[in-house]
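Naming: A, B, ... by sequence-line order, numbering from 1 per chain.
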Amino acid sequence: MNASLQERILKVLTAVAPDIDPQQLAPDIDLRDQVDFDSMDTLNFAVGLKREFGIDVPDAHLRELASIARCMKYLQARLATDEPPVRLEP
Amino acid sequence: VSIQFRMPALGADMTEGTVVEWRIAPGDTIKRGDVVMLVETAKGIIDVEAFHDGTVEQLLVQPGTLVPVGTPLALFSGEETPAVAAPAAPAAPRVQISPAARHRAEAAGLAIETLVGTGPGGVITLADVDHAAAAPPAPPAASTATAGTAQAAMRRAIGAAMARSKREIPHSYPAHMLDFSAARDWLEKFNAARPVEERLLYAVLLVKAVARACAEIPGFAGFYRNGQFQPARDIDVGFAVAQRSGGLVAPGLLQPASKDLATLMRELKDLVARARGGHLRSSELERPVITLTSLGDEGADAAYPIIFPDQVAIVAAGRIVERPWVVAGQVLPRPVLTLTLAADHRVSDGRAGSRFLGRIAALLSEPGDL
């Protein structure tokens with residue numbers, strides 16, 4: 001696990017949804033199941049990630065932001081290639 | 001003229017509020033729409049706006065005080081905003097009051113916006129002014145701070161408003177299933193060409209379609225007050241926002257029919273953030289004349305919502321789900337959206353409701369024209 005990447009993701013999450021306590025989040029559980037993340041939250045999260053990492057997540061990839069762990073994996077892949085991964089894990 | 005500024009009722013479910021902070025001091029000049037104080041309600045902290053231009057004379061209530069709706073909080077001097085305007089002017093104030101009643105209200109130091117009209121069409125009459133002037137100052141309410149958490153307070157407020165709605169309003173529930181593929185395809189194309197900051201959610205299409213249908217088909221936007229329907233001049237659409245801790249609040253997007261989708265999306269983002277983080281404005285809670293609740297991707301297929309009094313209609317949009325759909329004799333998979341309308345049967349009937357939903361569906365089938 002990349003601690004600093006996770007910290008940066010949680011910082012973004014806290015900025016876009018201040019009513020979420022990042023300490024309470026389980027990384028492997030979908031945010032919608034933990035904190036009622038909805039489509040507006042996901043969009044705001046993607047906007048925040050772009051600001052932090054310079055990566056624009058297309059609509060078709062938004063499901064990769066469903067949980068913190070999935071988001072880390074996705075960002076690692078994107079940051080490594082600076083291109084959208086051709087094939088993502090289901 | 002000295003005008004009493006009273007604790008406003010920010011929606012039918014509010015009975016009391018706590019003055020958290022004054023944003024004004026005696027001697028300040030204020031304009032209609034300025035934020036004059038912060039009030040804590042069951043819906044969170046609300047920025048309360050001035051009803052009119054004037055100068056602050058005196059603050060009557062200390063921060064931290066919990067008071068019932070209608071309690072005088074401050075004295076302003078100044079002229080009331082003229083309430084008589086050409087009926088066709090879209091920006092005309094909503095309050096209607098007879099000249100004699102206006103004169104008496106001013107003499108009594110009553111803010112006209114706080115008066116309830118019982119005359120024809122909700123006009124404020126002399127009797128209404130006398131009634132308000134004679135009302136004894138409400139006794140200080142017992143503090144609810146110890147009675148439960150903020151969530152419990154919100155749940156109680158929702159319960160009270162919904163129980164009143166079910167008691168008083170005969171609900172009629174037409175529903176309409178529609179093929180959402182035109183809107184979905186249009187949105188996919190729109191979003192694919194834009195950076196994430198400029199993308200739209202389909203909720204803005206729903207908001208705009210509802211507002212336009214309201215403008216075209218009467219009977220669904222307005223308030224039912226004093227035994228009759230008062231159609232809205234301005235179609236402000238309440239948008240139900242769920243709170244993570246439970247409960248919901250439905251602040252208004254102001255006149256969405258006249259705004260482009262990008263503007264509406266910016267306003268919706270801002271509104272949702274403030275609905276969850278605080279600082280909704282009082283006008284956003286007072287003005288909505290119809291509500292839209294969108295259940296979202298994880299929601300149920302359809303819902304049968306309860307009208308938020310004194311409104312007369314609420315539209316529920318279920319989740320969009322792939323279903324078999326018959327197109328020109330062929331069964332094809334299509335994204336299907338079910339719209340449900342709860343309408344006040346004192347104002348409209350099922351036929352008008354069906355037409356209203358049909359109009360929303362037609363507008364959604366031509367998303368490029370929204």
When you look at CZ of B:Arg194, are more than 12 heavy atoms from neighbouring residues, nucleotides or ligands closer to it than 6.0 Å?
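Yes, enclosed.
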
Less than 4.0 angstrom from a charged side-chain N to a carboxylate O is my criterion; do [X] and [Y] meet it?
X	Y	answer
A:Asp19	B:Arg244	yes
B:Glu49	B:Arg23	no
B:Arg323	B:Asp179	no
B:Lys259	B:Glu267	yes
A:Glu52	A:Lys11	yes

Can you name the nearest heavy-atom pair linking A:Pro22 to A:Thr14, along with the distance?
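In this case the closest contact between A:Pro22 and A:Thr14 is CG-OG1, 3.5 Å.
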
Please report the shortest heavy-atom distance between B:Leu248 and B:Ala240, naming the atom on each side.
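Nearest heavy atoms, B:Leu248 then B:Ala240: CD1-CB, 3.7 Å.
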
Could you tell me if the side chain of B:Leu292 sits less than 4.5 Å from the side chain of B:Ile314, heavy atoms only?
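Not in contact.
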
Interface residues of residues 196-207 of chain B facing chain A - non-hydrogen atoms under 4.5 Å apart
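At a heavy-atom separation under 4.5 Å, chain A is reached by B:Val196, B:Glu197, B:Arg199, B:Leu201.
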
Quick check: under 4.5 Å, non-hydrogen atoms only, which of residues 270-285 of chain B neighbour chain A?
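Hits under 4.5 Å: B:Val272, B:Arg276.
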
Do A:Tyr74 and A:Arg70 have side-chain atoms, one donor and one acceptor, less than 3.5 Å apart?
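Side chains of A:Tyr74 and A:Arg70: no pair found under 3.5 Å.
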
Side chain, backbone, both or neither of A:Asp59 within contact of chain B (heavy atoms, under 4.5 Å)
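Answer is both: backbone and side chain atoms of A:Asp59 are under 4.5 Å from chain B.
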
Looking only at heavy atoms and a cut-off of under 4.5 Å, which of A:Leu43, A:Asp36, A:Val16, A:Leu49 has the most pairs with chain B?
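Going by pairs under 4.5 Å, I would pick A:Leu43.
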
